[in-house]
Amino acid sequence: MKLSIMQPYFLPYLGYWQLIACADTFVIYDDVNFIKGGWISRNRYLYQGSPKYFNLIMSGASPNKKINEVGLMRDPRYHQGKKLLGTFQMAYQKAPMYKEVLPLLEEIVLFEEDNLARYLEHSIRAMCRYLQIPARICVSSQIPEKDGRLVKEDKVLDICRCLGADTYINAIGGRELYRQEDFRRAGVDLFFIQIDPIEYAQFGDPFVPGLSIVDVLMFNDKETVKGYLQAYTLER
């Protein structure tokens with residue numbers, strides 16, 4: 001069984017969804033420390049030809065807390081889901097797939113949830129349903145058999161053991177973290193996903209790579225995006 005694990009990110013770039021699509025089981029890594037300035041609560045969209053950030057406003061965010069211990073700001077005077085939706089509408093209302101994608105974005109950003117991890121889990125599941133990604137999705141904090149005392153590589157290998165995985169696939173940046181021999185000793189094949197270069201038309205402007213999946217969906221029909229999900233190679 002092929003397994004991949006990643007922290008929950010907010011509407012991340014195409015490579016994140018490729019990582020899910022290449023696995024039989026994807027684990028949302030919600031019981032590791034929150035990272036400030038990362039991609040857990042923000043990403044980038046295209047506005048007037050340039051990349052801009054959109055983000056979630058959090059409550060009690062701290063690198064001393066686990067992701068599933070962080071909240072989302074709730075203020076009756078400011079509905080951040082509606083604000084985010086307005087941002088996407090302003091940026092992409094003239095994009096070719098806008099009308100098709102808008103209901104998905106409404107389902108994701110307007111979801112009523114005060115916990116960051118559960119909000120992101122919902123967004124990941126909704127996107128996988130939309131793109132028909134068949135991977136089983138698990139949440140790391142809900143795996144009862146795992147040893148909560150372990151850290152780093154040992155924690156990943158323990159999750160592989162608990163779920164019966166014989167293959168672990170990680171983002172290409174994991175080459176700096178994981179060693180083939182350690183996984184081999186545990187009976188697990190280790191691979192890294194290398195995504196292919198992909199370009200598509202963005203309002204006729206020079207292409208801006210690495211944006212949120214929202215941008216990919218706005219300019220490409222669903223079948224094209226599903227094809228993009230297979231545009232990668234697995235390397236040892």
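All residue numbers refer to positions in the sequence shown, counting from 1.
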Contact summary for [X] and [Y], nearest pair of heavy atoms:
| X | Y | value |
| --- | --- | --- |
| Tyr29 | Lys152 | OH-O, 4.3 Å |
| Leu19 | Ala171 | CD1-N, 4.2 Å |
| Phe219 | Pro96 | CD2-CD, 3.8 Å |
| Gly164 | Met1 | O-CB, 3.9 Å |
| Gly174 | Phe192 | C-CE2, 3.4 Å |
| Ile35 | Gln7 | CD1-NE2, 4.3 Å |

Beyond-backbone contact of [X] with [Y], side-chain heavy atoms, under 4.5 angstrom:
| X | Y | value |
| --- | --- | --- |
| His79 | Leu110 | yes |
| Val101 | Val214 | no |
| Tyr13 | Pro209 | no |
| Met218 | Tyr92 | yes |
| Val216 | Trp17 | no |
| Ile172 | Ile193 | no |
| Ser140 | Ile5 | no |
| Ile108 | Leu11 | yes |

What pairs with [X] under side chain to side chain contact (heavy atoms under 4.5 Å, CB included), at least two apart in sequence or on another chain?
| X | answer |
| --- | --- |
| Asp221 | Met97, Glu223, Thr224 |
| Ala117 | Asp30, Ile67, Asn68, Asn115 |
| Ala135 | Ile20, Ile133 |

| side-chain contact (heavy atoms from CB on, under 4.5 Å) between Val27 and Ser4, worked out | CA-CA 6 Å; Val27 176; Ser4 59; over 6 Å; no
Among residues two or more places apart or on two chains, list those pairs meeting side chain to side chain donor-acceptor pair (under 3.5 Å) that have a residue in [range].
| range | value |
| --- | --- |
| residues 164-188 | Tyr168-Asn170, Arg175-Glu235, Arg179-Asp182, Asp182-Arg185 |
| residues 32-46 | none |
| residues 201-210 | Gln202-Asp215 |

| task | Kindly determine whether Leu14 and Leu229 satisfy side-chain contact (heavy atoms from CB on, under 4.5 Å), including the steps that lead there. | result | CA-CA 7 Å; Leu14 180 65; Leu229 293 176; 4.1 Å; yes
Drop me the distance from [X]'s [atom1] to [Y]'s [atom2], to the nearest 0.5 angstrom.
| X | Y | atom1 | atom2 | answer |
| --- | --- | --- | --- | --- |
| Glu113 | Leu72 | CD | CG | 7.5 Å |
| Ile169 | Thr25 | CD1 | OG1 | 10.5 Å |
| Leu190 | Glu153 | CG | CD | 8.0 Å |
| Leu84 | Gln89 | CG | CD | 11.0 Å |
| Ile198 | Asn220 | CD1 | CG | 9.0 Å |
| Glu112 | Arg74 | CD | CZ | 5.0 Å |

| message | Once salt bridge (Lys or Arg N to Asp or Glu O under 4.0 Å) is applied, what residue pairs with a partner in residues 89-102 remain, sequence neighbours excluded? | response | none
| task | Output, in order, the C-alpha distance, side-chain angles, deciding distance and verdict of salt bridge (charged side-chain N to carboxylate O under 4.0 Å, His left out) for Lys82 and Glu106. | result | CA-CA 9 Å; Lys82 291 180 181 178; Glu106 290 175 338; over 6 Å; no
Contacts of [X] that satisfy ring pair (Phe, Tyr, Trp, His ring centres under 6.0 Å) - sequence neighbours left out:
| X | value |
| --- | --- |
| Phe54 | Phe10, Phe88 |
| Tyr16 | Tyr9, Phe26 |
| Phe111 | His122 |

Examine distances only and state if a side-chain atom of [X] and a backbone atom of [Y] form a donor-acceptor pair shorter than 3.5 Å.
| X | Y | answer |
| --- | --- | --- |
| Lys222 | Tyr130 | yes |
| Thr87 | Lys83 | yes |
| Gln194 | Leu234 | no |
| Tyr119 | Val109 | yes |

What side-chain donor-acceptor pairs closer than 3.5 Å can you find for residues 55-66, not counting sequence neighbours?
residue : atom : partner : partner atom : Å
Ser62   : OG   : Asn64   : N            : 3.0
Lys65   : NZ   : Gly60   : O            : 2.9

| Who pairs with Glu121 by salt bridge (Lys or Arg N to Asp or Glu O under 4.0 Å), at least two apart in sequence or on another chain? | Arg125
| task | Would you mind checking if Asp31 and Lys146 are paired as a salt bridge, meaning a charged N to carboxylate O distance below 4.0 Å? | result | yes
| request: Walk me through it: do Tyr98 and Gln93 pass the test side-chain contact (heavy atoms from CB on, under 4.5 Å)? | output: CA-CA 6 Å; Tyr98 171 77; Gln93 60 185 329; 4.2 Å; yes
| Run the side-chain contact (heavy atoms from CB on, under 4.5 Å) check on Asp24 and Leu3 step by step: do they pass? | CA-CA 6 Å; Asp24 300 308; Leu3 177 75; over 6 Å; no
| Met73-Phe34 co-clustered via ILVMFWY side chain contacts under 4.5 Å | no
